[in-house]
Structures are given as C-alpha cells and as structure tokens.
Number of protein chains: 2
Amino acid sequence: MHRETLQRYMNYLLLLTKLKSEGRATVTSDELAVREGVTGSRVRQDLSALRILGKPRQGYRIADLEILISSMLDILSAKPVALVGIGNLGRALVLSDIWSHAGFDLVALFDADPAVIGTAVAGIPVRDAATMERFIQEQGIESACLALPADKAQAVADRLVNAGVRAFWNFALIDLDVPAGIIVENQRLEQGLMALSFRIAKRNSDQARGPQD
Amino acid sequence: MHRETLQRYMNYLLLLTKLKSEGRATVTSDELAVREGVTGSRVRQDLSALRILGKPRQGYRIADLEILISSMLDILSAKPVALVGIGNLGRALVLSDIWSHAGFDLVALFDADPAVIGTAVAGIPVRDAATMERFIQEQGIESACLALPADKAQAVADRLVNAGVRAFWNFALIDLDVPAGIIVENQRLEQGLMALSFRIAKRNSDQARGPQD
DNA sequence: TAGATTGTTAATCGATTAACAATC
DNA sequence: TAGATTGTTAATCGATTAACAATC
C-alpha cells in the first residue's frame, strides 16, 4: 500500500472521531472527500477496498468505518512495546496517550543514567539499560521506541534485535542498519520543520508574484 | 509540489551529508536513486528541475547539490521562530539542533506556568505567555511552534495569528482553524506509530501466507 | 415514487520508468 | 578514443477522477 493511501485512512479515522463527537452516526463519501481534499470517488474506492459497504442516500455508518479502518491498521490489539531513552522526548512520549490509540501497550522503560533508573514515569518504572535484553526476551516484546541521541541509537538497536525486537519507532536522526525483515519507522521531526520552511518560502514567493500565476 | 517529491529532496540532502562525511565530492544519479528506492531517471529529473547540472562520467558535485537543495527549501536563512509550551516535548525540541538545520532561529519561549516562567532552556529565557502578543509583534516573528495540549492549542494559535504569526509547526492533535494564507504544518506523532502498527500487521500476515504471494 | 448516494468500470492525469543521443 | 553518465523525450504505470447504472 502506498504511503499516501495509508495516510488517507488515518485521516479518515481522525475525521470520523470528530464527526462522532458531533453526534453524527453516518457520513457520505463526499463529506469525507471534501475534508481530505480528494473526490468522493476516491473515498468510495478506498472504503470499497476494505469491504466496507454503504447505503445509497445514507452513506456509511461511522461506527462500522471506525472498526474496519482500525482493524486494518491493527490498532485494536495492544502490542507490548518498550521505550529506550528517558530524556525530555522520552518522557513526553511516555506521558502522551498515543500508545493505546495506535495499538500498543507501553510496558517497559530503559535508560543508562543511574539518576533516572529506579524512578517511574506515568507509573512505569525506569529499568537499567544493562538489563534490557533479558527483560525484552522474557516478556517477548517485539517492538521498541528509540528516543535516544543519534550516536547511541545503532548500538541499542543491535542489542534489541538480538533480544528479539522486530520493529522500531526511531526518533534518532540516523539510518539504522538492521537485518532484513526488521521494520524501522523513522520519525524525523527535522523533516516536518524543513517542510514548513519550504511551504513558507513558496507562499511568500507566490504572493510576491501575485495570484495570477 | 507533491509531498512525496519534497520528501525525496529532503532525503537527498540527508544522503549528501552522509556521503560528504565519507569524503566523497561527487555522486551519480544512480547512487542517489538506489538509496532512495527510485530510478536514476527520477533523480535526474528531480535535479534537472532545480537547474542543477551534472557532468557525464562524473555525476553531480555534492557541494553544489547541497546548496541548491538547501536554497530551494529555504533553510539557509534563519527565520525567527517562537515556541509555546515548555513541557517535556517543548524542552526536547528546544534542546535539539533541528532549528538551524531547518532554516529557523529559535528566539523566544513562552509558557503560562509560573513555575517555569523566568527559567531558561538552552540559554533562552521562558517568558510569560501573557506577554506573548507584544513580544511577537515587536520582534516581527512570523513562525511559531505549538508544543501544547490539544485543548489549549486553538486559543493560543488565535492569539498568535492576531500578533502576526503566519506559519505554525503544530504538535497538538487538533486541526487548527486559521485564516486563509496561514500555514499549519501538523506533526502528528500518533500517525507515525499507527503506520508502524500497520506495517507490523502487514509483515506478519505476509510471512504467515509465505513469500510466494 | 423520486432522487440522493453507492459501487464499479472507463477515462484521465500525473508520476515514474525506459530509452537514447549528447558529451565529458 | 571509448565508454560511463547526463539531460530529455517518449512509454508505461498507477493513482485519481469521471461517469453512470444500481438501489435504498
């Protein structure tokens, strides 16, 4: 599946939650389309691909859509995940409520700093990174979030792969080198900011040229 | 410009930095293509669109590429930007080195919590959010990063727009309502994690079915 | 019933790849 | 020179839109 398509499904889900909070029970393809900047045709094809059926004159049932898109994304289950690196970013992530929304259950925190080992964040104890492999193996944890500096990420990733981790959510600005079959989802904050820079430059030059062009 | 294309330019830039650190001075379109998972043809078209010229048998000069892609993204200048919300996420962002890499200069921090007002992060003083509008106006700041809870983001965005801010990097999980011409770049951490969930589910089902399919 | 909206096929559009003469 | 690689045009491919019969 194309990344744009996946993005679209996630945006549908976001819109559905909003519509539901407004008390709506059904939604038409054109409504979703307008908010997503695409045609109703595209939406109907997306939903059709998921075997979701609507009814003429009524549209689609929001509750059905939510369940089917969620199950496609596999965010209804709760996959155990460990987070390594209890710095400011790590803490922010631990304290957020994104884990359950995205189909994960944050079960373990690790850091190498004696000052934070033994403390707890959001009720989850911070364990000594030296004990990482053993815990990961015993618990059968297959996903990990790396909230570490770039110079430490590769070494930690190597250890985690050896312990059985098969999927990473990586915040370090580095291309991790992992064996085939291991998934790395890079969260490059820098790129969001660069994209903003580009969009500002483009808007300013467009406005300078005038709207006729 | 399509979002995928913009992404590609940013990835080229990342690869160039890496190649330069390895002592390379030139790079061919096929080299960039392989690392980006695209054909040399696509790379040559991307670079051609930027009026970047290579030389047969040698490829492109890395130094030239870096400057031209950077100037297209407008990350060579230093646009002043303010950050609102000195929580864990805000601190992590302030302490990162992404601002200058992406063409921004972080010049002001704001928070409403008396406990942090008057303190400093990375040498930058945290100001009272009550004085936000005045400072933004006086300094002519046109960009802002929102590292706030979703329920406070809209109100702060409204105030900032009134004070002259015309571009937002938004971490709050909310669709900001802003006037036409104001740019909002949403950094949805949740979506990265959902994408990981989907990729894991897909890999696991692919492996279960076997590689023949 | 009448008509709004679906589900699906065909048409369009744009992005990507292929091809190859030009050239360093 | 010979040949690797560019720059660019044509071909292909896939995503998006348009169209419309089916239907609730």
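These numbers were taken from a predicted model, which means no experiment stands behind them. Just so it is clear: chains get the letters A, B, ... in the order the sequence lines come, proteins before strands, and each one is counted from 1.
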d([atom1], [X]; [atom2], [N]) in whole Å:
| X | N | atom1 | atom2 | result |
| --- | --- | --- | --- | --- |
| B/R42 | D/dG14 | CZ | P | 16 Å |
| B/R57 | C/dC24 | CZ | P | 13 Å |
| A/E31 | C/dA4 | CD | C1' | 13 Å |
| B/Y60 | D/dA4 | OH | P | 18 Å |
| A/E4 | D/dT16 | CD | P | 7 Å |
| A/L50 | C/dT8 | CG | P | 14 Å |
| A/L32 | C/dT5 | CG | C1' | 13 Å |
| A/D30 | D/dT16 | CG | C1' | 14 Å |

By the 4.0 Å heavy-atom rule, please label [X] as base, sugar-phosphate, or nothing.
| X | result |
| --- | --- |
| B/Q58 | sugar-phosphate |
| B/T5 | nothing |
| B/R51 | nothing |
| B/L53 | sugar-phosphate |
| A/T28 | sugar-phosphate |
| A/S48 | sugar-phosphate |

- With a 3.5 angstrom cut-off on both distances, give the Watson-Crick or G-U wobble partner of C/dT8, or none if there isn't one. D/dA19

- Task: Under a 3.5 Å limit for both distances, which nucleotide forms a Watson-Crick or G-U wobble pair with D/dG3, could you say?
- Result: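 Its partner is C/dC24.
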
- Task: Give a yes/no on whether any side-chain N or O of B/R8 is located under 4.0 angstrom from OP1 or OP2 of C/dT16.
- Result: yes

- In plain terms, say whether B/R3 and B/E185 are close enough for a salt bridge, that is, a side-chain N and a carboxylate O under 4.0 Å apart.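 Answer for the salt bridge query: yes.
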
- Residues A/R199, A/D206: salt bridge by 4.0 Å N-O rule: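 Between A/D206 and A/R199 there is no salt bridge, as every charged N stays at least 4.0 Å from the carboxylate O atoms.
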
- Message: Here's a test of your reading of the structure: between B/K55 and A/S41, which maps to the more 5' nucleotide of DNA chain D?
- Response: B/K55

- 5'-most contact on DNA chain D: A/G37 or B/Q45, nearest heavy atom basis?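 The residue closer to the strand's 5' end, by nearest nucleotide, is B/Q45.
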
- Side chain of A/R127, backbone of A/F135: donor and acceptor closer than 3.5 Å?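 Side chain of A/R127 to backbone of A/F135, a donor-acceptor pair under 3.5 Å: no, none is there.
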
- Can you tell me if B/R159 uses its side chain to pair, donor with acceptor, with the backbone of B/A129 under 3.5 Å?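 Side chain of B/R159 to backbone of B/A129: a pair is present.
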
- Quick one: does B/L93's side chain get under 4.5 Å of B/C145's, heavy atoms only?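 The answer is yes, as the side chains (C-beta and beyond) meet within the 4.5 Å cut-off.
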
- Message: When you compare the side chain of B/N186 with that of B/V184, does any pair of heavy atoms fall below 4.5 Å?
- Response: yes

- From the options D/dT17, C/dT17, D/dT6, select the nucleotide whose nearest atom is closest to the side chain of A/T39. D/dT17

- Query: Among the nucleotides D/dT6, D/dA18, C/dA4, which one has an atom lying closest to any side-chain atom of B/R44?
  - Reply: D/dT6

